[in-house]
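Input: a single structure, listed below in structure tokens.
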Amino acid sequence: MAAEQVPLNKVRNIGIIAHIDAGKTTTTERILFYTGVIHKMGTVDEGNTVMDWMEQEKERGITITAANTTTFWKNHKINIIDTPGHVDFTVEVERSLKVLDGAVIVLCATSGVQSQTETVWRQADRYHVPRIAFINKVDRLGADFDRVLKQIHERLGANAAAINFPDQHEDRFKGIIDVVTMKYVTYEDADGFKVKIDEIPAEFKAKADQYRHLLLEKVGEADDAIMEKYINEEPVTVEELKAGIRRGVLKAKFLPVLSGTALKNRGVQLVLDAVTDFLPSPLDVLPVKGKHPYKDEVIERKPSDSEPLSALTFKIMSDPYVGKLFFTRIYSGVITAGETYLNSTRDKRERISKIVMMHAVKQEIVAKAGAGEIVALVGLKETKNGDTLCNEETPIVLENMKVPEPVVSMALEPKSKADQDKLGISIKKFLDEDPSLKVEYDTETSQTIISGMGELHLEIIIDRMRREHGIEANIGRPQVAYKETITRKATDVVGKHISQSGGRGQYGHVVIDIEPGEKGCGVKFVDAIRGGSIPREFIKSVESGIKSQALNGVLAAYPVADIVVTLVDGSYHDVDSSDIAFQMAAKYALKDALVKAGSVFTEPIMAVEISCPEEFMGSVIGDLNTRRAKITELGNIGILKTARADVPLAEMFNYANALRSLTQGRASFSMEPSYYAQVPNMLAEKIIGSRQEFINRRKT
């Protein structure tokens with residue numbers, strides 16, 4: 001079916017999101033198989049799935065980068081993004097959810113709701129993405145559909161109900177009971193193509209009635225029409241129930257839950273049906289909002305080809321044959337190959353040389369693409385992640401995505417001069433692709449420092465440098481991305497830069513207030529100058545000086561975060577004042593202000609979840625206590641005991657090996673960044689000492 005023939009109400013832009021190992025990639029592989037995109041199913045274990053195309057993904061059996069593909073099901077066009085589950089690649093989920101209309105959240109029937117499940121759920125909440133849930137792996141020993149459904153209510157706070165449930169006992173799985181149609185679904189072949197629909201067996205009738213009663217109740221909480229029928233005990237037809245479920249999903253007030261086992265090819269077609277029946281088309285979501293780049297004006301664009309163009313570039317990928325691919329969601333209007341458009345974020349004109357529809361790494365060239373489409377563009381020169389493309393006559397800037405702050409750093413030292421020359425080119429490429437990666441040059445130690453979301457994130461980057469660019473480098477052990485912040489307010493802090501050494505001098509004078517900011521606000525600059533004590537053209541210079549100095553705090557040159565700096569006064573000289581003079585004055589003021597405001601170290605705290613047999617839990621808890629952990633919850637998952645804790649990242653390096661030793665390899669854990677907290681004074685002194693010792697050693 002050609003892309004042009006699919007009306008917008010039959011388009012679905014969806015993401016597959018979940019905790020690592022829940023089965024996202026396997027589910028996507030089965031979707032592609034049943035929709036005819038592929039004719040042989042791969043597995044993650046064999047490293048031959050369509051969506052995990054990178055060498056590192058095949059070797060490690062995990063998804064690292066979000067992959068995009070397009071397929072068709074029952075006259076509907078489905079654009080699918082398979083996202084990573086590992087916390088180190090959470091930015092891939094973030095930018096995917098930013099541009100998607102709906103999502104399928106996959107959960108493991110044995111592990112249930114895990115830490116990264118909660119993270120992707122919160123990310124979907126942030127972008128108001130309607131969801132359906134698929135409880136996978138119901139054929140496994142220890143699988144418990146009802147327990148996972150209960151966790152969805154308790155841990156995710158979702159108004160959820162099953163629209164089907166499995167005929168499953170321990171590791172025996174026979175079929176699926178559809179609660180909407182009240183039918184029994186079984187499969188007659190190994191590939192799951194031959195679907196048989198029967199009446200519900202007598203032994204499941206009471207349970208099916210119970211599930212349907214609960215379904216009507218939960219849908220009724222989200223939809224008045226169903227609630228009225230439910231209260232009055234009137235019969236609800238299949239069509240009425242489906243319509244009510246869809247209305248509840250579109251308002252993100254109801255979560256339909258399905259069951260199955262993707263690896264054994266059971267239940268995936270029902271997920272596809274739910275995607276087309278319940279998840280939104282581009283017409284069902286609110287018009288996209290943006291701002292005029294030159295005016296203080298909010299603009300709305302409806303999802304229509306007849307509207308002016310508004311498109312967001314959300315991902316950049318390097319292709320060895322065509323160069324950079326710019327993955328772009330078109331919210332309104334049409335993009336045509338060969339035409340020139342405005343990058344309104346950077347005020348640059350860009351020419352589109354080619355438009356491609358992506359099928360994982362395979363490409364289909366198209367002449368144009370319209371509203372609601374997700375495509376890859378070729379030929380852009382200045383565009384970066386999060387930039388907006390639009391018509392020059394009708395400019396708009398769309399809201400950018402939220403990029404998490406890095407928590408782990410690593411030092412790189414190229415082994416040769418040739419490697420040093422290649423390093424800059426390689427780093428630029430990775431920075432273009434990955435907005436969560438940060439790189440800086442430490443002048444005190446003469447090292448290149450790369451910072452990312454975790455050890456695995458940085459390992460993959462370094463491995464790609466070696467394979468794709470042939471760069472050999474010495475690598476320092478991972479370091480915690482400490483930050484500095486302040487504990488109190490300081491006012492009227494003066495910074496001056498006055499120099500007179502013959503000829504034109506330098507004169508900059510600023511007065512600032514500094515106070516603690518909200519968590520995650522970074523460095524916020526406020527201009528409170530009144531009466532022209534500092535000319536307008538130098539205000540930007542002051543801000544630039546503040547932001548520059550904030551990269552190196554006063555304790556051990558770590559970045560400063562979560563502060564509000566207010567420029568309250570200053571003075572200038574008609575001849576000697578300059579951009580650089582005010583930058584230097586601002587730097588001196590911030591340095592002094594940080595000392596007066598009681599600058600302290602903060603460190604990333606990780607939310608850790610551990611599962612292990614009961615006999616090892618005492619040893620695990622004891623070990624966590626030695627790591628400055630704060631235990632937040634103890635519980636059970638089937639026969640396993642679980643513990644949740646907040647633990648400083650500095651104490652968690654190489655934890656996998658330690659946990660393996662403690663539990664004879666029978667435990668598993670996951671962790672994700674949670675928040676920053678102040679480092680205890682004794683440890684802070686050690687950090688400052690070791691940092692200074694390292695700098696001195698490098699200098700000698």
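In this structure, N391 and L342 have side chains that are not in contact, with every pair of non-hydrogen atoms separated by 4.5 Å or more. Side-chain atoms of R351 and Y341, non-hydrogen and from C-beta on, never get closer than 4.5 Å to each other. By the 4.5 Å heavy-atom criterion applied to side chains, I546 and V523 are counted as neighbours. Side-chain contact check for T328 versus L312: every heavy-atom pair is 4.5 Å or farther apart. Within the 4.5 Å cutoff, the side chain of L412 has heavy atoms near those of the I450 side chain. Within the 4.5 Å cutoff, the side chain of E603 has no heavy atoms near those of the L649 side chain. The side-chain heavy atoms of K381 and E350, taken from C-beta on, include a pair separated by under 4.5 Å. P673 has its side chain out of reach of P604: every pair of non-hydrogen atoms, C-beta onward, lies at least 4.5 Å apart.
Look at K587 and D592 and you find no salt bridge, because none of the NZ, NE, NH1 or NH2 atoms lies under 4.0 Å from a carboxylate O. Taking the charged nitrogens against the carboxylate oxygens, E433 and K384 have no contact shorter than 4.0 Å, which rules out a salt bridge. Using a 4.0 Å cut-off between a side-chain N of Lys or Arg and a carboxylate O of Asp or Glu, D432 and K315 do not qualify as a salt bridge. For R346 and E382, the salt-bridge test fails: no basic side-chain N is under 4.0 Å from an acidic carboxylate O. In summary, R464 and E459 do not engage in a salt bridge, as defined by a charged side-chain N under 4.0 Å from a carboxylate O. The existence of a salt bridge linking E392 and R349 is confirmed by a sub-4.0 Å separation between a basic side-chain nitrogen and an acidic carboxylate oxygen. We find that E307 and K302 are not joined by a salt bridge, their nearest charged nitrogen and carboxylate oxygen being 4.0 Å or further apart. At a threshold of 4.0 Å, the pair R155-E609 counts as salt-bridged, since one of the basic side-chain nitrogens sits closer than that to a carboxylate oxygen.
When all heavy atoms are compared, the tightest approach of L97 to A124 is CD1-N, 3.6 Å. In terms of heavy-atom proximity, D347 sits nearest to Y294 at OD1-OH, 3.0 Å. Between I486 and A597, the shortest heavy-atom contact is CB-O, 3.5 Å. Nearest heavy atoms, I534 versus S571: CG1-N, 4.1 Å. Minimum heavy-atom separation, A481 to V408: CB-N, 4.0 Å. Considering every non-hydrogen atom in both A607 and D646, the closest pair reads CA-OD1, 4.0 Å.
Using a 3.5 Å distance cut-off with no hydrogens or angles, the side chains of T313 and D387 do not pair a donor with an acceptor. Side chains of D434 and H457: a donor-acceptor N/O pair is present below 3.5 angstrom, by distance only. Checking E685 against N681 by side-chain atom types alone, no donor-acceptor pair falls below 3.5 Å. Between E94 and Y127, the side chains place a donor N or O and an acceptor N or O closer than 3.5 Å (distance only, hydrogens not considered).
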Quiz item: Does the pair D513 and V493 meet the rule for a side-chain contact (heavy atoms from CB on, under 4.5 Å), with working shown?
Solution: CA-CA 6 Å; D513 292 347; V493 183; over 6 Å; no

Self-check item: Trace of the side-chain hydrogen bond (donor to acceptor under 3.5 Å, both in side chains) decision for S548 with Q583
Solution: CA-CA 9 Å; S548 174; Q583 282 195 42; 5.8 Å; no

Exercise. Show your working on side-chain contact (heavy atoms from CB on, under 4.5 Å) between I374 and L100 and close with a plain yes or no.
Key: CA-CA 9 Å; I374 294 176; L100 292 170; 4.0 Å; yes

Quiz prompt | Criterion side-chain contact (heavy atoms from CB on, under 4.5 Å) on R644 and V608, from CA distance to verdict | solution = CA-CA 6 Å; R644 290 182 161 210; V608 180; over 6 Å; no

Quiz prompt | CA sep, side-chain torsions, deciding dist, call: R466, D463, salt bridge (charged side-chain N to carboxylate O under 4.0 Å, His left out) | solution = CA-CA 5 Å; R466 180 177 57 80; D463 188 44; 2.5 Å; yes

Exercise. Quick one: do L325 and L377 satisfy side-chain contact (heavy atoms from CB on, under 4.5 Å)? Show the steps, please.
Key: CA-CA 6 Å; L325 291 168; L377 307 177; over 6 Å; no

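A donor-acceptor contact shorter than 3.5 Å is absent between the side chain of K348 and the backbone of T345. With hydrogens and angles disregarded, no donor-acceptor distance shorter than 3.5 Å links the side chain of S409 to the backbone of I449. Listed for the R627 side chain is no donor-acceptor partner under 3.5 Å among the backbone atoms of M652. For Q549 (side chain) and N552 (main-chain N/O), a donor-acceptor pair under 3.5 Å exists by modelled atom type. Under the 3.5 Å distance criterion, the side-chain polar atoms of S344 are matched with a main-chain donor or acceptor of I396. Remark: side-chain polar atoms of T388 are paired, donor with acceptor, to backbone N or O of L398 under 3.5 angstrom. A donor-acceptor pair under 3.5 Å is absent between the side-chain atoms of T626 and the main chain of L624, judged by distance alone. Although no hydrogens or angles enter the test, the distance criterion places no donor-acceptor pair under 3.5 Å between the side chain of T117 and the main chain of V113. Panel note: side chain H497, backbone A585; no donor-acceptor pair is recorded below 3.5 Å. A donor-acceptor pair under 3.5 Å is absent between the side-chain atoms of S544 and the main chain of S541, judged by distance alone.
Pairs of residues two or more places apart, or lying in two chains, that qualify as side-chain hydrogen bond (donor to acceptor under 3.5 Å, both in side chains) and include a residue from residues 484-495 are E484-S599. Counting only residues at least two apart or on different chains, the salt bridge (Lys or Arg N to Asp or Glu O under 4.0 Å) pairs with a member in residues 545-563 are E543-K547. Sorted by first and then second residue, the ring-ring contact (aromatic ring centres under 6.0 Å, His included) pairs with a member in residues 517-553 read F538-F582; sequence neighbours excluded.
Because its NZ or CZ atom is both nearer than 6.0 Å to the ring centre of Y676 and within 45° of the ring axis, K483 counts as a cation-pi partner of that residue. Annotation: cation-pi geometry not satisfied between R329 and F327 (NZ/CZ under 6.0 angstrom from ring centroid, within 45° of ring axis).
Between Y507 and Y572, the ring centre distance reaches or exceeds 6.0 Å.
Summarising the geometry, atom CD1 belonging to I330 is positioned 9.0 Å from atom CG belonging to L389; distances are rounded to the nearest 0.5 Å. Note that the CD1 atom of I316 and the CG atom of L380 stand 8.5 Å from one another [nearest 0.5 Å]. Between the CD1 atom of I427 and the NZ atom of K429 there is a distance of 12.5 Å, given to the nearest 0.5 Å.
The local environment of CD in E537 is crowded, with over 12 non-hydrogen atoms from other residues, nucleotides or ligands closer than 6.0 Å. Residue E297 places its CD atom among more than 12 non-hydrogen atoms of other residues, nucleotides or ligands, all under 6.0 Å distant.
Partner of V542 under the side chain to side chain contact (heavy atoms under 4.5 Å, CB included) criterion, out of I529, L567, L590, V565: L567 alone.
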